[in-house]
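Have a look at the structure below before the remarks.
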Amino acid sequence: MVFSVVNGCFSFGDADILSNICFSVEPGKVLAVLGANGVGKTTLLRCMMGLLPWKEGVSAIDGVPIPKHATCETWKRIGYVPQAKDSFSSYTVKDMVLLGRSPHLGLFSLPSAQDRELARQALRMIGIEHLADKNCGRISGGELQMVLLARALCTEPEMLVLDEPESNLDFKNQLLILDAIRDLADTKGISAIINTHYPVHALKIADKALLLNQDRSSTYGPATDVISECNMCRAFGVKVKIHECDCEGKCYKSVIPLSVVS
Amino acid sequence: MLNRKFAVPLLAVLPFVVALACMGIGRYPIPFVTTVRALLSPLTGVQVAATDSAVLFSIRLPRLLLALSVGMGLSVAGAAFQSVFSNPLATPDTLGVASGASFGAALGLILKANLLVVQGLALAMGILALAITYWISRKNGKVSIIAVVLSGMVISSLFQALVSFIKVIADPQDTLPSITYWLMGSMAGATYPGLALGLPFIFIGSLMIFLLRWRLNVIALSEDEAQALGSRLKVVRILIMGSATLVTASCVSMCGQVSWIGLLMPHVARLVCGSDNAKIVPVSMSFGAVFMVLVDTIARSVSASEIPLSILTAIIGAPLFVGLLRKMGGVR
């Protein structure tokens, strides 16, 4: 599916948060959303999925606008992975992932054996089968983030929306989750929109990037073009140096913050 | 956990077995064999003593049926509220629903209205109390545990004050004693016509929650997550809260305010079968019915005069509530 936002605007009362947001995500592509704290990254995700109503503009799937309050049909196609810090439930991992089947089930129905099998497959896909019987309240933040990703995959979506999925994770887990997102896009054609604080991560996995500036404007384009020294300075007020290095025959980019621009 | 194949029939049969065992107990004890023979007499045609038959059929049977239904209803309502508010301390009592329903029922009693009107008033006031609690505790689409507990307390005491006011203006000869006694919770007033009016509401509400039991897992998540899992949040919330309030109001209007059971039973169920509401709901229903039958049997048989139910449930419930609060490490 092609997910697009045209002229998205949002404000809390008089304060404009987002204005004139435009982008589209094709199957198998990854879009990274970058911006300073409080600039409206999470608000953007909520608006585009219909959890908050756009003040102006629309989100559309394959050109068909998503209704004001998104319905089950929408949620069968979009899997949302919230930040792991907000969850403190005590379901077992197995039960938590099974909840991903919810959009496919009728109001009064219980998950079937087939649904349970899909939940098992989702756990396997993310490589966390060993957690299946653990309590969600007693696993680490990184593990919980993986569980939430598995839950979204259990829905069998065509697109994932992830809110800072790697923020609470250690070095290795960050790499695991980023690789998982890229891999899902390449092998299954599941596109992804990901909020991130790390320009390097955007450069690593994203095809396109949307940079939210503090003056409410935004920059959108191929990730390597958008994440430039000049644009980073404008969005974050930080002077950076983008450095390339060749390792094991591949070119890696790193973004080195130099100083705060006053 | 027991094997699923055994667990389901066991849970279904357990309350009735306990009720049967408790039927012979009381100030007028009847041996178990005689009880069974008397109960089956309409089918088998066996002759039984007239006193036995009268005690069993016109006093204890309706009373046990009421205890079974109220125990089941209040427990399932408690499980539902805990899930809708994602809050282990949300129950018909703590949310003010029970107090609201009490006020409605007391209002009906003082007006000497018929049972259907008493039920209707209890239901309306229960819904009103819930709506106010919900409205106070909700801010920017978020409902915090502390806000729910506090606003529930406020609404609860408001409606209790209104009940007290009704007691002040009630006729001390006639309506006051009945209101006072009924408020502390008693199954003694159970009659077949009363049951016929009240039980269907308890069953409809409980059945609704039972059918939605897996959905309870989804709506217990944060608002965005629940919505993103396509759960038609508003519809499910209204269905569940409406059903739970219906059940609570019917229970209150039939036997007064039996406190604590709605908090206690879902937590006992959680200890037995984990956090999956698809299991918690049936287990609480069964345990609640058993617990209520046992408590009522104690209430009517240990002393010559009846002990109000709420006294017994509070003695068991209050320490447990404190324990839960401490275990949670303070309120979030």
Side-chain angles (χ1 to χ4, degrees), chain A residues 12 42-43 45-46 49-52 69-112 115 133-138 148 151-152 154-155 157 160-163, chain B residues 1 4 8 82-83 85-88 140-142 144-145 207-240 243 266-267 269-271 273-282 324 327-329 331-332:
Chain A
F12 278 120
T42 302
T43 308
L45 292 195
R46 298 185 69 206
M49 291 187 290
L51 293 175
L52 266 181
H69 290 286
T71 58
C72 254
E73 290 311 307
T74 313
W75 296 117
K76 281 180 192 170
R77 311 182 72 178
I78 300 177
Y80 173 50
V81 184
Q83 284 188 43
K85 62 176 184 189
D86 294 337
S87 253
F88 43 86
S89 55
S90 50
Y91 301 130
T92 60
V93 167
K94 212 165 47 185
D95 287 337
M96 184 62 128
V97 173
L98 191 58
L99 296 183
R101 295 308 296 161
S102 163
H104 294 274
L105 294 173
L107 204 55
F108 295 109
S109 32
L110 297 176
S112 65
D115 292 318
D133 292 309
K134 291 243 170 78
N135 184 319
C136 279
R138 302 220 178 98
L148 296 180
R151 184 180 74 190
C154 188
T155 311
L160 288 171
V161 175
L162 306 103
D163 194 359
Chain B
M1 172 89 206
R4 221 187 131 70
V8 175
Q82 285 173 10
S83 164
F85 285 87
S86 348
N87 182 339
N140 298 331
K142 293 209 168 73
S144 79
I145 291 186
L207 180 69
M208 188 61 107
I209 297 168
F210 180 76
L211 289 174
L212 286 165
R213 63 194 184 282
W214 189 71
R215 283 280 149 198
L216 289 177
N217 286 339
V218 183
I219 58 164
L221 297 171
S222 74
E223 183 140 347
D224 274 2
E225 280 179 280
Q227 213 163 335
L229 288 169
S231 54
R232 278 158 288 186
L233 207 54
K234 270 193 187 141
V235 179
V236 178
R237 262 197 195 141
I238 289 171
L239 274 179
I240 290 176
S243 308
H267 283 293
R270 227 162 259 139
L271 286 177
C273 66
S275 302
D276 182 4
N277 281 298
K279 290 178 191 150
I280 290 174
V281 167
L324 270 174
K327 199 178 142 201
M328 283 167 57
V331 185
R332 231 184 290 222

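In what follows, chains are A, B, ... by sequence order, proteins preceding strands, each numbered from 1.
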> Which atom names give the shortest non-hydrogen contact between Gln227(B) and Trp75(A), and what distance separates them?
Replying inline: O-NE1, 3.3 Å

> Of the non-hydrogen atoms in Glu225(B) and Pro82(A), which two are nearest, and what is the gap between them?
Replying inline: CG-CG, 3.4 Å

> Between CG of Asp224(B) and CG of Leu52(A), what distance do you get to the nearest 0.5 Å?
Replying inline: 7.5 Å

> Checking heavy atoms, do the side chain of Arg270(B), its backbone, both or neither come under 4.5 Å from chain A?
Replying inline: neither

> Among Ile78(A), Thr155(A), Thr92(A), Leu105(A), which has the most heavy-atom pairs under 4.5 Å with chain B?
Replying inline: Leu105(A)

> If you look at every heavy atom in Tyr91(A) and Leu221(B), which pair is closest and at what distance?
Replying inline: CE1-CD2, 4.1 Å

> Does Arg215(B) use its side chain to pair, donor to acceptor, with the backbone of Ser109(A) at less than 3.5 Å?
Replying inline: no

> Can you tell which of Val161(A), Val81(A), Leu98(A), Leu110(A) has the highest number of heavy-atom pairs within less than 4.5 Å of chain B?
Replying inline: Leu110(A)

> Which pair of non-hydrogen atoms, one from Ser102(A) and one from Leu229(B), has the smallest distance, and what is that distance?
Replying inline: OG-O, 2.7 Å

> Would you find a donor on one side and an acceptor on the other, under 3.5 Å apart, between the side chain of Ser275(B) and the backbone of Ser90(A)?
Replying inline: yes

